[in-house]
Participant: 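Take a look at the following structure, please.
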Number of protein chains: 2
Amino acid sequence: MTGSNIRRSMPLFPIGPVMQLTDLTARQIRYYEEHQLISPARSEGNRRLFSLNDIDKLLEIKDLIDQGINMAGIKQLLFVQNQEVIASDVKPLKSERELSNDEIRRHLRKEIVQAGRFNQHLSSQGNITRLFH
Amino acid sequence: MTGSNIRRSMPLFPIGPVMQLTDLTARQIRYYEEHQLISPARSEGNRRLFSLNDIDKLLEIKDLIDQGINMAGIKQLLFVQNQEVIASDVKPLKSERELSNDEIRRHLRKEIVQAGRFNQHLSSQGNITRLFH
DNA sequence: AATGTCATGTCAGAAAATCTAACATATGTT
DNA sequence: AACATATGTTAGATTTTCTGACATGACATT
């Protein structure tokens, strides 16, 4: 499991930003969950929390829907993909133990800090369009 | 402006996930905004939306606070950093025009899709600890 | 010792975002 | 025509976030 994979599997986004990023309605996203195409994590208060991987999947689902494939078909396709990945993942595990969510968060924080060190800190004023002139 | 910079400046995260990622309280984050150390965007309904850059900044602020520096000092330090970045940014701009938030979102979506194409789609069951055994 | 400032905690009330469950509907299928 | 599928819509409840006010502990200044 690489750092990037940990990062991509962190449950961070509530449904609002995900709707915007995917152009899917809340209804659609919940329906896909109901049919087990995705399984976003939940907050303490039962709100859905999506990872970048979840968002990837939703975008794929969208593609497949556009191709006329139904829930069952999409479920199978996603499952096959998943199997391929697992099959190709032959790296020996350094550590067998599970990471707690807290540990994952610490890890991500470290990564964000590191990335930041070699990155810009633009935008002192929140209007992101300012970043482009 | 690189794709990565666009990605890092997208206002996506509500305050809850940011609290978890930074180990800051909402009170602290709002206080830093009040003192103009950060300026997160706002949703239509006035909720704060943070970008990865904002999160970087918050982590830096945390460091500086730990070093005993006060708001005014931190503000100056962040400003200086910002200036350095601007000074070093000598690339000729391909396009002068501003990008709308919608365009940025489309761009990010494209990036996520592309990244996803060459990436794993693990986690069919939402419990992220499953990714580690 | 009293006062002030700074960074943060805490609380209350309001508003926004999200939840589930139910019913509605358009389109395609048997 | 009846049915199934994917999505829309609505209602009522719950969670999350908002602002503003007041409280507090640590320090500095008087």
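Because only heavy atoms are used, hydrogens play no part in the values below, and waters and symmetry mates are left out as well, while side chains stay in.
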Participant: Main chain of A:Thr22, side chain of A:Lys62: is a donor-acceptor contact present, judged purely on distance under 3.5 Å?
Facilitator: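 Checking the backbone N and O of A:Thr22 against the side chain of A:Lys62, a donor-acceptor pair under 3.5 Å is found.
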Participant: Roughly, in whole Å, what's the span from CG in B:Leu24 to P in C:dA7?
Facilitator: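 Rounding to the nearest Å, CG of B:Leu24 and P of C:dA7 are 14 Å apart.
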Participant: Sequence neighbours left out, what passes salt bridge (Lys or Arg N to Asp or Glu O under 4.0 Å) with A:Arg42? Give chain and number order.
Facilitator: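 Result, salt bridge (Lys or Arg N to Asp or Glu O under 4.0 Å) vs A:Arg42: A:Glu33.
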Participant: Given 3.5 Å as the limit, does a donor-acceptor pair link the side chain of B:Asp66 with the main chain of B:Asp63, or not?
Facilitator: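 Answer holds: no.
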Participant: Between protein and nucleotides 8-17 of chain D, map the contacts as a letter string: B base, S sugar-phosphate only, - none, heavy atoms under 4.0 Å, written 5' to 3'.
Facilitator: BB----BBBB
Participant: Calculate the interatomic distance between B:Met71 atom CE and C:dT5 atom C1'; express it in whole Å.
Facilitator: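 It works out to 13 Å between those atoms.
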Participant: With no hydrogens and no angle check, is any side-chain donor or acceptor of A:Gln76 less than 3.5 Å from a backbone partner on A:Gly73?
Facilitator: no
Participant: Nearest-Å distance, CG (B:Asp66) to C1' (C:dT8)?
Facilitator: 14 Å
Participant: Report the residues that fulfil side chain to side chain contact (heavy atoms under 4.5 Å, CB included) with B:Arg47, sequence neighbours left out, ordered by chain and then residue number.
Facilitator: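 Only B:Ser43 meet the side chain to side chain contact (heavy atoms under 4.5 Å, CB included) criterion with B:Arg47.
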Participant: Distances under 3.5 Å between protein N/O atoms and the N/O atoms of nucleotides 26-30 of chain D, please, pair by pair.
Facilitator:
none

Participant: So which pairs with a foot in residues 8-31 of chain A pass ring-ring contact (aromatic ring centres under 6.0 Å, His included), sequence neighbours left out?
Facilitator: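 Sorted pair list: A:Phe13-B:Phe13, A:Tyr31-A:His35.
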Participant: State whether A:Tyr31 places a side-chain N or O below 4.0 Å from either non-bridging phosphate oxygen (OP1 or OP2) of D:dA6.
Facilitator: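 For D:dA6, OP1/OP2 do have a side-chain N/O of A:Tyr31 under 4.0 Å.
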Participant: Counting only side-chain nitrogens and oxygens, does A:Tyr32 get under 4.0 Å of the OP1 or OP2 atom of D:dA6?
Facilitator: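 It does not, given that no N or O in the side chain of A:Tyr32 lies less than 4.0 Å from OP1 or OP2 of D:dA6.
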Participant: What's the CD-P distance between A:Glu33 and C:dA21, to the nearest Å?
Facilitator: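 Answer to the nearest Å: 12 Å.
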Participant: What do you reckon, is CD of B:Gln83 surrounded by more than 12 foreign heavy atoms closer than 6.0 Å?
Facilitator: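 Correct, the count exceeds 12.
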Participant: Find the distance A:Ile29:CD1 to D:dT7:P and express it as a whole number of Å.
Facilitator: 11 Å
Participant: Does B:Leu77 have any side chain to side chain contact (heavy atoms under 4.5 Å, CB included) partners at least two apart in sequence or in another chain, and if so, which?
Facilitator: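 Applying side chain to side chain contact (heavy atoms under 4.5 Å, CB included) to B:Leu77 gives B:Leu64, B:Ile69.
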Participant: Assign each of B:Asn70 and A:Phe50 to its nearest nucleotide of DNA chain C by heavy atoms, then name whichever residue's nucleotide is nearer the 5' end.
Facilitator: B:Asn70
Participant: Rounded to whole angstroms, how far apart are CD on B:Glu34 and P on C:dC6?
Facilitator: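 After rounding, the reported distance stands at 12 Å.
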Participant: Starting at atom CG of B:Leu58, determine the distance to atom P of C:dT8, rounded to an integer number of angstrom.
Facilitator: 12 Å
Participant: Supply the atom-to-atom distance B:Ser51 OG to B:Lys57 NZ, rounded to the nearest 0.5 angstrom.
Facilitator: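 One gets 8.5 Å once the value is rounded to the nearest 0.5 Å.
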Participant: Please state how far atom NZ in B:Lys62 lies from atom P in C:dT8, giving the value in whole angstrom units.
Facilitator: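 Whole-Å distance recorded here is 11 Å.
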